[in-house]
There are 2 protein chains.
Amino acid sequence: MLPLARSSGMLRPMPTHPRPYHHGNLRDALLDAAERLLERKGAGALALRAIARAAHVTHTAAYHHFDDREALLRALAARGFDRFAAALASAGQRAPPERGFLEVGVAYVRFAAEHPALFRLMFGAEVARGRRADDALGAASDRALGVLLDGVRASAPGLDEAAVRRRAAAAWAIVHGLSGLLLDGQLAALGLGSEDPERVAREILSGEPT
Amino acid sequence: MLPLARSSGMLRPMPTHPRPYHHGNLRDALLDAAERLLERKGAGALALRAIARAAHVTHTAAYHHFDDREALLRALAARGFDRFAAALASAGQRAPPERGFLEVGVAYVRFAAEHPALFRLMFGAEVARGRRADDALGAASDRALGVLLDGVRASAPGLDEAAVRRRAAAAWAIVHGLSGLLLDGQLAALGLGSEDPERVAREILSGEPT
DNA sequence: ACCTGAACACCGTTCAAGT
DNA sequence: ACCTGAACACCGTTCAAGT
C-alpha cells in the first residue's frame with residue numbers, strides 16, 4: 001500500500017492507518033491535527049510546522065490550503081464557534097423557555113471550562129486581527145450570537161429589538177467575563193475558584209447585578 | 001563618548017542618548033523596551049531577542065534578570081496591573097461614594113480600550129500559565145481586585161463579606177467581559193460597536209442584568 | 001556580578017521544482 | 001492541482017568565555 005520511501009526514519013511510525021493523505025482533503029486533516037495539538041498541548045503547540053508534521057505532510061503543503069498560519073488558526077476558531085453555537089443551542093432547547101437564557105449562559109461558561117485553549121483561541125488576539133476579513137469565521141460567530149439572542153427573546157417575550165440587543169450585550173458580557181476570569185484562575189482570589197464553574201455561573205447569573 | 005566598535009553598521013543609530021546601559025538596571029530598561037514594543041507593534045513584537053535589541057543589549061543578557069521570556073512577560077503584566085489599580089483607584093476616589101462602583105467599572109473598560117495589547121497580556125494565556133508562582137504579579141493583581149472590592153463596599157455599605165465578594169465577582173465579570181468583547185470587536189455584531197466604549201459600559205452597568 | 005558570542009533546535013514564509 | 005526541498009531571516013535557550 002504505502003511506498004517504502006517514506007523518509008522519516010527517526011520518527012516513530014503511526015501504529016494504525018498510515019494513510020499517506022495524498023488524495024483526501026488535506027485542509028480538514030490539518031485542522032484535525034491542529035485541534036488535537038491544541039487540546040493536548042495548548043496554544044503554544046500550534047506552530048504551522050508542528051501542525052503539518054502531525055498531519056504527515058511537509059509544512060509548505062499547508063500554504064496550498066491557507067494563506068498563512070493565522071488563516072489556519074481562524075479556520076480552527078470558526079470550527080470552534082460552530083461547536084460552541086451547537087452547545088448553546090442544545091442547552092437552550094433542553095430548558096423551559098423562561099429559563100432558556102439562564103441555561104444558555106451556563107452552557108457558555110461550561111464550554112469555556114471544558115475547552116479552555118479553544119475558547120481562548122476563538123476570542124484571542126491572533127484570531128481577532130483578521131476576523132473582519134474572514135467570512136467563515138464571521139458567519140460561525142454570528143450563529144453563536146444568534147443563539148444568545150434567541151435565549152433572551154424566549155426568556156422575555158415581547159421585547160423590542162433594541163431592548164433585546166441591550167439585554168443580550170449585558171448577558172454576553174457577564175458570561176464572557178466569567179469565563180475569562182475562570183480560565184485565568186482569577187475568581188480564586190475572590191474565594192470562588194474552587195467551586196464548580198457551573199454553580200458559580202448559575203449563582204451570579206441569577207443574582208442581582210450591581 | 002561611545003566606542004566606535006558598536007558593530008551595528010546597518011542599524012540606524014538612536015538619534016538621542018546613545019547610552020550604553022552597561023551600568024544601570026537593565027531589568028527596567030528591558031521592561032521599558034518591551035512596553036514600547038507592545039504599545040507600538042502589538043504582542044507579536046514581544047520576542048525576547050527583539051526586546052533585547054530595543055534595549056541595546058545582547059539577547060542573552062536578559063537571562064541575568066529573568067528566568068525566561070515568560071517571566072519577562074509576567075513582570076510586564078505586573079507593571080500593567082499596578083497602573084491598572086492606580087487608574088481604578090483614581091476613578092473611585094473622584095466619584096461620590098454611591099456611584100463609586102459604577103465609575104470604577106467604567107474606568108476598567110476605559111483602561112482596556114486605551115491599552116488593548118497590555119490588557120490582553122495581563123489576562124492572557126502566556127501570563128496565566130505561571131501566575132501562581134509569580135509573587136509580584138499576584139500582589140499587583142490583588143491590588144487591582146482590592147480597588148474593585150472597595151468600590152462595592154462604598155456603593156453598598158453594611159454588606160457582609162460574602163455578599164461583597166459575590167457582588168464583586170458579578171461586577172468584575174460584567175466589566176471584564178465587556179472589555180474583552182470590545183477589544184474583539186464583537187459588540188459591533190450587536191450594533192453597539194461604533195459607540196463610545198465608556199457610554200456602552202455606563203449603559204450596561206446601570207441597566208438591569210438578565 | 002553582569003554581559004557577550006557561538007551553538008542548537010526550532011520557527012514562518014517564499015520560491016523553484018517535481019508529479 | 002497539489003506537494004516537496006532548499007533557502008532565508010528569524011526565534012528561545014544553553015553554555016563557555018570575557019570583564
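Naming: A, B, ... by sequence-line order, numbering from 1 per chain.
A:Leu72 places its CG atom 10 Å from the P atom of C:dG12, with the value rounded to the nearest Å. When the C1' atom of D:dT13 is taken as reference, atom CG of B:Leu73 falls 15 Å away, rounded to whole Å. Here C:dC10 presents its C1' atom at 8 Å from CZ of A:Arg53, a figure rounded to the nearest Å. In this structure, A:His59 atom NE2 and C:dC11 atom C1' are separated by 9 Å, rounded to whole Å. For the pair B:His56 NE2 and C:dT4 C1', the computed distance is 17 Å after rounding to whole Å. The interatomic distance linking B:Ile51 (CD1) with D:dC10 (C1') rounds to 15 Å, in whole Å. Atom C1' of nucleotide D:dC11 and atom CG of B:Leu37 are separated by 15 Å, given to the nearest angstrom. A:His65 places its NE2 atom 10 Å from the P atom of D:dT4, with the value rounded to the nearest Å.
A salt bridge between A:Arg110 and A:Asp196 is absent, with no side-chain N of the basic residue lying under 4.0 Å from a carboxylate O of the acidic one. With salt bridges taken as basic N to acidic carboxylate O contacts below 4.0 Å, one links B:Arg199 and B:Glu203. Look at B:Arg94 and B:Glu103 and you find no salt bridge, because none of the NZ, NE, NH1 or NH2 atoms lies under 4.0 Å from a carboxylate O.
If you find the closest nucleotide of DNA chain C to A:Thr60 and to B:Ala61, the one lying nearer the 5' end belongs to B:Ala61. Residue-to-nucleotide proximity on DNA chain D shows that, of A:His64 and A:Arg49, the 5′-proximal contact is made by A:His64.
The side chain of B:Arg27 contributes no N or O atom lying less than 4.0 Å from OP1 or OP2 of C:dA1. At least one side-chain nitrogen or oxygen of B:Tyr63 sits closer than 4.0 Å to the OP1 or OP2 atom of D:dT13.
With a 3.5 Å ceiling on both atom-pair distances, the Watson-Crick or G-U wobble partner of C:dT4 is D:dA16. Across every strand in view, D:dC10 sits unpaired, with no contact that passes the Watson-Crick or G-U test at under 3.5 angstrom.
Contact annotation for B:Arg69: backbone-only contact, meaning every heavy-atom pair under 4.0 Å involves sugar-phosphate atoms and none involves a base.
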Run the salt bridge (charged side-chain N to carboxylate O under 4.0 Å, His left out) test on A:Arg131 and A:Asp134 for me, step by step, so that the C-alpha distance in whole Å, both residues' side-chain angles and the decisive distance to 0.1 Å come before the verdict. CA-CA 5 Å; A:Arg131 160 165 273 133; A:Asp134 195 313; over 6 Å; no

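For A:Ser179 (side chain) and A:Ala112 (main-chain N/O), no donor-acceptor pair under 3.5 Å exists by modelled atom type.
For A:Leu48, counting side-chain heavy atoms from C-beta on, the closest listed nucleotide (D:dT4, D:dT13, C:dG12) is C:dG12. Checking D:dA7, D:dC11, C:dT4 against every side-chain atom of B:Thr58, the shortest atom distance belongs to C:dT4.
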